[in-house]
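All remarks here apply to the structure that follows.
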Amino acid sequence: MSILDNLNIEQRKAAERVEGPLLILAGAGSGKTRTVTFRIAHMVLEKNISPYKILAVTFTNKAAKEMRERVEGLIGEDAKRVMVSTFHSFGVRLLRMYGNKLGYDSNFNIYDSDDQKRLVNTLMKDIGITDKSTTPARVVSAISKLKEEGITPGEYANDSRGFLESYKTVSAVYGRYNTALKKNNAMDFSDILVNTNALLDDLELLEKIQERYQYVMVDEYQDTNKIQYEIVNKIAARYKNLCVVGDEDQSIYGFRGANIKNILDFEKDYPDAFVVKLEQNYRSTENILEAANHVIKNNESSRGKNLWTAKKGGHPISVIEASDGREEAYFILRELYQLKKEGYNYKDITILYRTNAQSRAFEELFVKQGTPYKIFGGMQFYQRMEVKDVISYMNVINNPKDSLSLMRILNVPKRKIGPATINKFRDYAEENNMSLFEALGHTEEIKLGPALKIVISEFYNGMLSIIEESEYMPVSEIFTEILTTFKYKSYLEGLGDDRVEERIDNIEELRNSITELEKVEEDLRLGEYLEKISLVSATDELEESRDYVKLMTVHNSKGLEFPVVFIAGMEDEVFPSSKADYDTNQLEEERRLCYVAITRAEKTLYICHANERFVYGQTQPRSRSRFLGEIPPHLLENKNKKEKPVQKKTTEKKKSIENFNPLRDKKSAGNTLDLPYSVNERVTHKKFGMGIVRAVNEKTIEVEFTVGKKKFLTAAIDKFIQKI
DNA sequence: TAACCTATCTTTTTT
DNA sequence: AGATAGGTTA
């Protein structure tokens, strides 16, 4: 008897193979996660391998969480000792510990693409680039791709494409951009990987890590890029217990440097690799699977698999033709109501599309009709202007070297600190080799009007005071301090913007999310919080229990499955994207994307397309996607409803499910201190004066001052609070 | 410095 | 269509 008796023959072959290099070619829906989790359980329960020695790397937090929970279901508490992590979280963890070797402080901030764009933008202006052929956004994506392909600024400068103007721009910015990030004690997403990889060049450290993680597993190996490849292979080099799982037909991240060769060449890298193919699909009906197989076989890059299912037949695939994008949304909504009548719930249904912009038509209609829905990805909660403002305050408090975040908030709320003034301080900081924030403390040495001096000193001292407090204050208190000290809400109210209410709601939602998080993790520190919100991915917020229709890009749907799937916008120039028109490799990637989309469906699949579409403020004619033509007609059924659906009189607007949920990953408990404080004891605080202790919790205490109740973390509290 | 107007660009896809 | 950058004016 073995725990592996629960697996099919192929899955079992893979799970049994614990030592040595192992390649698991796992077709869509073939029980990949099941195989991997049972493999871990087998290692721990039946092979006596310490869970502490196992590292499993996934692409999203959601995948990591799911894997951890499923392993826990099999082996219990020991599962917590297995390191299940995304590449990025794993890297950040390592870099917090050892980043000083590369010249970073452990409180480094993480920049998102918005930050990257702003930084590149200022750099381009500083250098005086007049190149109109490119934009900061394009420069950012070029730089990210270069980083993840392992090309340094120096190497890029020697590249032969040097005559192109956009190339020159990228080349001029790349190195300076890196320097600026480092000065700000910040990393972008690519840096997390690049620096993790660089850390592993330290042989002593590498050996330590190799000894710690003697068994390495990588999920979605077809989507690893050069740097991730190097990280994995360095760690596994010592024991060669490397298990990679993937499917070359689902490689869809070429645009961010993913290299399909990593999986195709695994057997070259490890000639003694054991290879297992998982070809039984447990997810979809025969019709759906056959359609997917017919599409993907047009790809040269496909090795060819024999994906099969025991679920014979099934519904034909419904094709819906609409006159335009709006009608497409109507048709889908009507079909959705039909499905509801047949007994499906909203949560069984997912609408997939190629680009985020396509979600708009659905959102408008669903709001009007009061249909519960949730859009994953797109404009993230944390990227909204007002949320980002407050986060930028937190960024500076966490890491005052972060001049980029500082520049964002210097004049928000408006303090009459314009670009001219900021530049004076930037110059002063540069000349005196200090950070912009430090420079703000030297108002006397800089030529300024008296009013400005006062304003800047107020800002500077306000920040200093919160920075000091942040050592022992819970994030929620820091949040409140920021809002009150800098009167952020009155600033929002005074904007005279028609979205004031929404913005204030967002701020309140941010507060709620922090409070929710602190319920789970009482002693959450600012740095940990910022890290957490930087690394969330779109589908991490997916809640199985709530009943709403899910909308997301095909990219975001990878690894997920749904009873009913609508693929919207199946038109040439949309899917495949017009960007892939003249490039076979890109076209093949689009086809893999289509393959991913089709194979998400369990029972029912709809493919929709419109004859014209409104793009860039213009109506353009559209024809059905070539991919649709690759599906044999006998699998398709025309589900066209000729008459236009009657739009219901707008009923009372129901609020859609918010696009945002508090993070709720649990974290292991921190240290517990003996508290010398007791309820009703009197204390004094530097800033808030006299107070009375109202509650003593495990890791925090609450004190009532004249200004109101405040919470404090007990760690390091003695520096700030004194007993009387 | 801020407020207002006009011209231009945007949409691939994401940790 | 909507967002944003850049320029002009108060």
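Chain identifiers are assigned alphabetically (A, B, ...) following the order of the sequence lines, protein sequences preceding nucleic acid strands; residue numbering begins at 1 within each chain. What you see below is based on every heavy atom in this structure, not just the backbone, and it leaves out hydrogens, waters and symmetry mates.
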Test item: A:E364 and A:R326 side chains (from C-beta on) under 4.5 Å apart, heavy atoms: yes

Looking only at side-chain N and O atoms, does [X] come under 4.0 Å of OP1 or OP2 in [N]?
X	N	value
A:N556	B:dT14	yes
A:T553	B:dT11	no
A:N225	B:dT15	no

Position toward the 5' end of DNA chain B (nearest nucleotide), A:R138 or A:T86: A:R138

Position toward the 5' end of DNA chain B (nearest nucleotide), A:E589 or A:P419: A:P419

Parallel, tilted or perpendicular: rings of A:F108 and A:Y104 (30°, 60°): perpendicular

Aromatic plane relationship, A:F362 with A:Y353 - under 30° parallel, 30 to 60° tilted, over 60° perpendicular: parallel

Nearest-Å distance once atom C1' is located in both C:dT4 and B:dT13: 23 Å

Atom pairs under 3.5 Å: protein N/O with N/O of nucleotides 3-7 of chain C:
unit_1	atom_1	unit_2	atom_2	d
C:dA3	OP1	A:R499	NH2	3.2

Within the 3.5 Å criterion, strictly below it, is a donor on [X] or [Y] matched to an acceptor on the partner's side chain?
X	Y	result
A:E531	A:S534	no
A:E363	A:Y373	yes
A:R138	A:T169	no
A:Y382	A:D112	no
A:N398	A:N109	yes

Aromatic-base stack, A:F255 on B:dT13, cutoff 5.5 Å, angle under 30: yes

Nucleic acid contacts - residues 109-118 of chain A versus DNA chain B, non-hydrogen atoms under 4.0 Å: none

Verdict with reasoning, A:E328 to A:R613, per salt bridge (charged side-chain N to carboxylate O under 4.0 Å, His left out): CA-CA 10 Å; A:E328 178 186 50; A:R613 203 167 275 277; 2.9 Å; yes

Charged N-O contact under 4.0 Å between A:R503 and A:D389: no

Between [options], spot the one nearest the side chain of [X], thanks.
X	options	answer
A:N356	B:dT1, B:dT13, B:dT11	B:dT13
A:T421	B:dT14, B:dT15, B:dT1	B:dT1
A:R256	B:dT10, B:dA2, B:dT14	B:dT14
A:K579	B:dT15, B:dA2, B:dT11	B:dT11

List every contact pair, protein side and nucleotides 8-10 of chain C side both N or O, where the distance is under 3.5 Å.
none

Sugar-phosphate, base or nothing in reach of A:T224, heavy atoms under 4.0 Å: nothing

Test applied, side chain to side chain donor-acceptor pair (under 3.5 Å); reference residue, A:Y111; option that passes from A:N184, A:D191, A:N395: A:N184

A:M552 side, atom CE; A:R600 side, atom CZ - distance, nearest 0.5 Å: 10.5 Å

